[in-house]
Amino acid sequence: MTDTTRRRLFVGLAATAAALAATPWLFQRRRQHDHAMNPAAPERSAGPGLPNAQPFQTPLRLPGREGLFAEVALSAPLALSARAASFPIFAGKPTDVWHYAGHANGHAVANPLLRASAGDTVEVALSNRLAEATTIHWHGLSIDEANDGSGLHPVAAGGSARYRYRIDNRAGLYWYHAHPHERTGLQLQRGLAGLLRIEDPEERALGERLGLRWGERDLPLFIADKQVDADNGIVYRIGADDWIGNRVLVNWTPEPFLEVLPALYRLRLVNGCNARMLRIAFEHEGRTLPFKLIGTDGGLLAQAWTMDDVFLAPAQRIDVLFDFGALPAAARVLLRSQEYVAMENEDESGAFAPDPMADHPGAAPMGEALDLMQFCVAACSDSERRRAQAGSGVLPAVLSALPPPPDTTAWPVRPLRLRMDQEGTWFINDWNYHQVGHAPVFSVKRGSREVWEIRNNMTSMPHPIHVHGFQFRVVSRSISPPDVRSRKVTPQGLGPQDLGLNDTVVVWPGEIVRIAIDFSQPYRGTQRYMLHCHNLEHEDMGMMVSFAVED
């Protein structure tokens, strides 16, 4: 039995984490957007996976007009090519990054942050300049099969495709990424992913009321860990399980900092990791500070919830408000993934496998605390502080017209079981994609409504389950682990993160989660979609099936 199928965390296994010394902070004003697209190289790192001697010295990359993470409005057709090129990410040698390259308004862009409005028809052409098939999957969008961009419709090396669709989703921060069968983990680890921001009147009204301008005090934070070697190359091994990295990038920035005003900020976080679950929290001088959760995968919640931390699995998004106004000048706030019980129980009865961390030198094991970035509160005069705080509006009691979860009493229930067999093969029920192939394993009638009851074996691990083509409502959690039960705010066991529209839901070992899906859509004929674990190594190993929606 090899480490490609079974893992065991050895007793006492822990990554050596360098302590973050309280180093003096040198203030510098945030660079203008264009300059932030090509930041100066950070201080020389002590080595792959280790922090700089003075950590968090690189200005956070922000949306701008050109380069990595440029912002592009989808108001006109956009041509992108999947290709590899070198970018100055870390100190020293440039890093080879697989990315979606294009041009907009006379500027070269890479993995752009795309912007559109609900109701828009968007058109994106993809030219594949890689040596293998790829796609663009529009993650979270209510969309037809042909435009979904799953591995059912790969774009061959040297080939091209056109995605043209109408945006029927609520406002929110969505994302797009490669989705070729058996190669998704590799292609995302090497860089093929970007963000998609959708607006609508409800979202604009809240933005105006809060007075937080996009790109200044309303910011995306795209978090991904990469396994980086001594030559700054992004490393990946096909067949390895749970790929976790020794370097964390936020908006493609290693060890980033952001100077902030002593005022309210809106931060939209995306977990773009292959496999790493994050437990998001804000810390100041060792103390966890509260924030307000206002949105999830599919946009705004009905109301804000005050929280100390929140789990963020691969593919999930959260929209939070954090107030720096009560902190003194020069205060440093860490955005951190706090320690949690990883519950990786899938090999309890199996033989010891090789060291699961051997593929990931310098990486913090799953569940260990991990610092992501640092915010530094700017020195302001009393009058400047008052002006900054006066510029923020009052958070309304009702954020959006999101209805409560539906009454599913009469809805049919479809059972789905997440498990691993004795050979280390992942299954959804008795289906593994390598065994059942493209054929849909079940069909649902268009316009019908179903409850999917997802049960995770205790001898398993947390699985972030993603449904293509449809958003859903979480309606209940049961037999949840203590960390999940402690967050519940409804009799059905739901936490605040469960109360919005979602496209990805975490099911913990031993847990039963019910989700409600309305299969109404404007398309005709048979539309096939994927259902899979968004731990990308599990997906590539076959923890994925297709289902059909039919007339």
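Nothing here was measured: the structure is a model prediction, and the numbers come from that model.
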For residues [X] and [Y], determine if any side-chain heavy atom of one lies less than 4.5 Å from a side-chain heavy atom of the other.
X: P180; Y: P154; result: no
X: Y163; Y: I143; result: no
X: L370; Y: R276; result: yes
X: N432; Y: D421; result: no
X: E182; Y: I238; result: no
X: L249; Y: K226; result: yes
X: R197; Y: E71; result: yes
X: M541; Y: T425; result: no

Under 3.5 Å: donor-acceptor pair, side chain of [X], backbone of [Y]:
X: D242; Y: N535; value: no
X: Q187; Y: A133; value: yes
X: N128; Y: A156; value: yes
X: E339; Y: E368; value: no
X: T135; Y: G149; value: yes
X: N457; Y: T459; value: no
X: W243; Y: V235; value: yes
X: N147; Y: R164; value: yes
X: N111; Y: A193; value: yes
X: H99; Y: R83; value: yes

- Name the one of H139, H538, H181, H179 that satisfies ring pair (Phe, Tyr, Trp, His ring centres under 6.0 Å) with H532? H179
So which heavy atom on [X] is nearest to which on [Y], and how close?
X: L499; Y: L402; result: O-CD2, 3.5 Å
X: F470; Y: S520; result: CE2-O, 4.0 Å
X: E537; Y: G185; result: OE2-CA, 3.9 Å
X: M277; Y: P462; result: CE-CB, 3.9 Å
X: D540; Y: R183; result: OD1-N, 3.6 Å
X: R317; Y: L173; result: NE-O, 2.9 Å

- Message: The test is side-chain contact (heavy atoms from CB on, under 4.5 Å); show your working for L78 and L114 and say whether it passes.
- Response: CA-CA 10 Å; L78 177 66; L114 304 177; 3.6 Å; yes
- Step through it carefully: locate the ring centre of Y174, locate the ring centre of W138, and say whether they are under 6.0 Å apart. no
- Given the side-chain rings of Y236 and W98, with only the six-membered ring counted for Trp, is the space between their centroids under 6.0 Å? no
For the [atom1] atom of [X] and the [atom2] atom of [Y], what is their distance to the nearest 0.5 Å?
X: N169; Y: Q471; atom1: CG; atom2: CD; answer: 4.5 Å
X: W305; Y: I294; atom1: CH2; atom2: CD1; answer: 14.5 Å
X: L335; Y: I223; atom1: CG; atom2: CD1; answer: 5.5 Å
X: D498; Y: T490; atom1: CG; atom2: OG1; answer: 8.0 Å
X: S127; Y: L80; atom1: OG; atom2: CG; answer: 10.0 Å
X: L312; Y: L278; atom1: CG; atom2: CG; answer: 5.5 Å

Should the ring pair [X] and [Y] be called parallel, tilted or perpendicular, given that the plane angle runs from 0 to 90° and is split at 30 and 60?
X: F442; Y: W452; value: perpendicular
X: Y100; Y: Y176; value: tilted
X: F547; Y: Y529; value: tilted

- Given the rule in the salt bridge (Lys or Arg N to Asp or Glu O under 4.0 Å) test, do R524 and D551 qualify, once you have shown the distances and angles that lead to the verdict? CA-CA 7 Å; R524 298 189 179 278; D551 292 328; 5.2 Å; no
- Any chance you could lay out the side-chain hydrogen bond (donor to acceptor under 3.5 Å, both in side chains) test for H534 and Q316, step after step, and finish with the verdict? CA-CA 9 Å; H534 219 285; Q316 288 187 313; over 6 Å; no
- Message: Would you say CZ of R204 has more than 12 non-hydrogen atoms from neighbouring residues, nucleotides or ligands within 6.0 angstrom?
- Response: yes
- Message: Check whether W214 forms a cation-pi arrangement with R115 (NZ or CZ under 6.0 Å from the six-membered ring centre, at most 45° off the ring normal).
- Response: no
Residues [X], [Y]: salt bridge by 4.0 Å N-O rule:
X: R449; Y: D518; value: no
X: D430; Y: R419; value: yes
X: D144; Y: R166; value: no
X: R190; Y: E132; value: no

- Derivation of the side-chain contact (heavy atoms from CB on, under 4.5 Å) call for M530 and H137: CA-CA 11 Å; M530 311 311 300; H137 168 51; over 6 Å; no
- Passes side-chain contact (heavy atoms from CB on, under 4.5 Å), M543 versus I428? Steps please. CA-CA 6 Å; M543 197 176 190; I428 300 176; 4.1 Å; yes
- Message: Determine whether F69 and L195 satisfy the following criterion, side-chain contact (heavy atoms from CB on, under 4.5 Å), listing intermediate values before the conclusion.
- Response: CA-CA 9 Å; F69 214 59; L195 302 183; 3.8 Å; yes
- Item | Donor-acceptor side-chain pairing of S460 and R455 below 3.5 angstrom | no
- Item | Distance-only polar pair, side chains of R170 and S400, donor-acceptor under 3.5 Å | yes
- Message: Let's go through R528 and D148 carefully: what are the C-alpha distance in whole Å and the side-chain angles of both, what is the deciding distance for salt bridge (Lys or Arg N to Asp or Glu O under 4.0 Å) to 0.1 Å, and is it a yes or a no?
- Response: CA-CA 9 Å; R528 296 172 299 167; D148 180 55; over 6 Å; no
